[in-house]
Amino acid sequence: MADRKIRVLVAKPGLDGHDRGAKVVARALRDAGMEVIYTGIRQTPHMIGEAALQEDVDVVGLSILSGAHLELFPAVIEACRDRGVAPENTLFFCGGIIPEDDIPALSDLGFRAVFGPGASTNDIVEFVREHVKAPA
Amino acid sequence: MSESLHEWLSGAYRAAVERNPERRDAFRRSSGDPLQPLYADLNGRTDTLGFPGEFPFTRGIQPTMYRGRLWTMRQYAGQGDAETSNERYRFLLDQGQTGLSVAFDLPTQIGYDSDHLMATGEVGKVGVAIDSIEDMRTLFREIPLDKVTTSMTINSTASILLALYIAVGEEQGVERSQLGGTVQNDILKEYVARGTYIYPPGPSIRLITDIFDFCAREVPRWNTISVSGYHMREAGCTAAQEVGFTLAHAIGYIEAALAAGQEFDRIGQQVSFFFACHSNFLEEVAKFRAARRLWARITRDRFHSNNPRAQTLRFHTQTGGATLTAQQPDNNVIRTTLQALAAVFGGTQSLHTNSLDEALGLPSQHAVEVALRTQQIVAFESGAADVVDPLGGSFYVEELTDAIEAEAAQYIDKIDALGGAVTAIEASYQQREITDAAYKLQMEYEKEAEAAKGTAQPGAVGRVKVGVNRFITNEESDAEIVRVDPAVGARQSERLERFRAARDGDAAQAAVDRIQQAAAGTENLMPFIIEAVKAQVTLGEIADSLRTVWGEQREAVVV
């Protein structure tokens, strides 16, 4: 584990093009020494599931600002799970414009943290380091 | 030779007032003393500043500016279906808003009907869902299109929405020559920052220059494009980059139109712009003045224009969404007020003020009302609108204006050297610059957050964001969260099914075939698209017909 860099997939599901946050987080994780794969915008759940599988990631971070998280995130988790990438073996977190009231539903889905506007990348890096799962 | 203030007052200014009287007979101080329309020290700065309404338009595009007519108060709105959005528009007009600004949902912006798989979860979310002429008719029910002007934030599907607007106008008995409004129609910044592109740059730009040519002939009061710095600024670029990239993109469109045989003075009059206004008050004021002067010089020196209407940079402003905080959201009213005031001192033609709760979700009706009232207080109580370019002549503002103009011109030179706006985008130049600037800014905020744990004074080390990295309070959020009715997607799909079943399928197919033939050739596409929306072809079907001919653009990912 010591030699292997933490591998993170940062993905943007849905049609929303607001990628500033996703890119800043991707770069901060990379600067912190992790291997980061950023998918770009307009990813379907299927595409994210495939990328998570192919890239053999330890962590999946989703960003969405269109308000479609309650519709799209369950589909992403399902697509990942179908490919053996599940919250039981992979760390999932998300961020964007996500109302506090929605956080319990996202926790139930398997997201371990939800980062909103004003979140610090230091906190995100720390969170990932602390919660990343040991390889099976 | 320099014109004196006296000559200007008795010449151009008096003529303007005779043409269009000012809002009041006199604008006065609290003592009752009347104000001059313009204050000027003509000590050598005349040639770079000019007078309001005169080249290079540093001090504004009209001689009387807001003394004659206030900026248009235009709040961006739209959500759910056409019916819900129509109600919101009529509420805003009742509250004293003076123009409409339509927010479309992402499927409409990217050319998917509401029942498309890619539209899952997105229908009606960030704006209104428009699939067909039926929806467009509902959207403008009881809103007379000869009385209001409408700005539509729509880019890759701008031709389709403009066609729908023209068709609904005709149903209301309004000739297309009487329609006033704007389509954003700026695809280059979509590739750079906003993301709602469909086709590759070549055919996308052809759709845009087709709109230029069509509107010059048939819809003369329409702004055919709103070349936008807003989204690049929101994505993280600096004020000077915002001006430089925006004007470089405008040059790209104009050069494409010239290559298609169009003339600048004919199409240039219908080109408009759109900028953000962030919180560094005086830098933002200077930015708008610099942009206006730089564009005037570009139109003269590069496009050989001497038509004042085509030389003037007319622009819409929106306050900075990315400057808003989810923490202590009431503070956002103050940020927005500062930004609105800077836009007015900068000479904006129209303004959207953000709502205080936009970092939390969709704005509540109360927050929207406060945002509109903010503009009204600036307009009617602050005195900012009583004198033309009140900050002109400040040593600091003029130096900043010069500096931003020079820095923006360097970005344009750089993009020219890369081969122009499209080539620079294909090389990810603008994207990289923006991503780098955004990251740098984020690190400044985080440095401040670290510093806040020690003894450093606020702002001594990094950059302060009140309520986020300094002056933090532990608060319970009691914000009312607005949600789009989750049933809107299903309702919209049922509506589409009925709509498609009721139409003349052969006529719709024939209209699609004609679009595809025209798309493969060089004819102007606008008449074919208008014919198609009238033949009840849906937005997604038109976009798909063009996808088949032109293919789709893929993102070159830059981190």
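Numbers restart at 1 for each chain; the letters A, B, ... are given by sequence-line order, proteins then strands.
Looking at Ala193(B), only its backbone comes within 4.5 Å of chain A, counting heavy atoms on both sides. Contacts of Ile472(B) with chain A are absent, with no heavy-atom separation under 4.5 Å from either backbone or side chain. Neither the backbone nor the side chain of Tyr445(B) comes within contact range of chain A; no heavy atom of the residue lies under 4.5 Å from a heavy atom of that chain. With a 4.5 angstrom heavy-atom cutoff, Ala28(A) touches chain B via backbone and side-chain atoms both. Contact of Val559(B) with chain A is made through backbone and side chain together, with heavy-atom distances under 4.5 Å. Residue Gln109(B) does not touch chain A at all, counting heavy-atom pairs closer than 4.5 Å.
Residues passing the ring pair (Phe, Tyr, Trp, His ring centres under 6.0 Å) test with Tyr38(A): none are found, sequence neighbours excluded. Applying the side-chain contact (heavy atoms from CB on, under 4.5 Å) test to Pro74(A) and every residue at least two apart in sequence or in another chain returns Leu109(A).
Between chain B and the options His69(A), Arg42(A), Glu71(A), heavy-atom pairs under 4.5 Å are most frequent for Arg42(A). Heavy-atom pairs under 4.5 Å with chain A peak, among Leu117(B), Thr435(B), Val123(B), Asn469(B), at Thr435(B). Per-residue counts of heavy-atom pairs under 4.5 Å with chain A were compared for Ala235(B), Gly195(B), Gly361(B); the largest is that of Ala235(B). Here Ser120(A) is the residue among Gly14(A), Ser120(A), Ala26(A), Gly118(A) with the most heavy-atom pairs under 4.5 Å with chain B. Contacts with chain B were tallied for Asp16(A), Thr44(A), Asp19(A), Ile97(A); Ile97(A) has the most, counting heavy-atom pairs under 4.5 Å.
In plain terms, the two heavy atoms of Ala359(B) and Pro117(A) that are nearest each other are O-CG, 3.4 Å. For the pair Thr120(B) and Leu72(A), the tightest heavy-atom approach, listed with the atom from each and the gap, is O-CD2, 3.6 Å. Taking every heavy atom of both residues into account, Leu360(B) and Pro99(A) meet most closely at O-CG, 4.3 Å. When every heavy atom of Ala322(B) is checked against every heavy atom of Arg20(A), the shortest pair comes out as CB-NH1, 3.8 Å. Nearest heavy-atom pair across Lys125(B) and Ala68(A) is CE-CA, 4.1 Å. The two residues Glu555(B) and Ile41(A) make their nearest non-hydrogen contact at OE1-N, 2.7 Å.
Annotation: Gln328(B), atom CD; neighbour count of heavy atoms from other residues, nucleotides and ligands within 6.0 Å is above 12. The number of heavy atoms from other shown groups lying within 6.0 Å of NE2 (His131(A)) is above 12. Remark: His18(A) NE2 is loosely packed, at most 12 non-hydrogen atoms of other residues, nucleotides or ligands lying under 6.0 Å away.
Thr121(A) and Glu446(B) form a side-chain donor-acceptor contact under 3.5 Å, judged by distance and modelled atom types alone.
The line from CG of Asp31(A) to CE of Met443(B) is 7.5 Å long, rounded to the nearest 0.5 Å. From Asp101(A), atom CG reaches atom CZ of Arg483(B) across 6.0 Å, with rounding to the nearest 0.5 Å.
The pair Asp436(B)-Lys23(A) fails the salt-bridge criterion, with no side-chain N (NZ, NE, NH1 or NH2) lying under 4.0 Å from an Asp/Glu carboxylate O.
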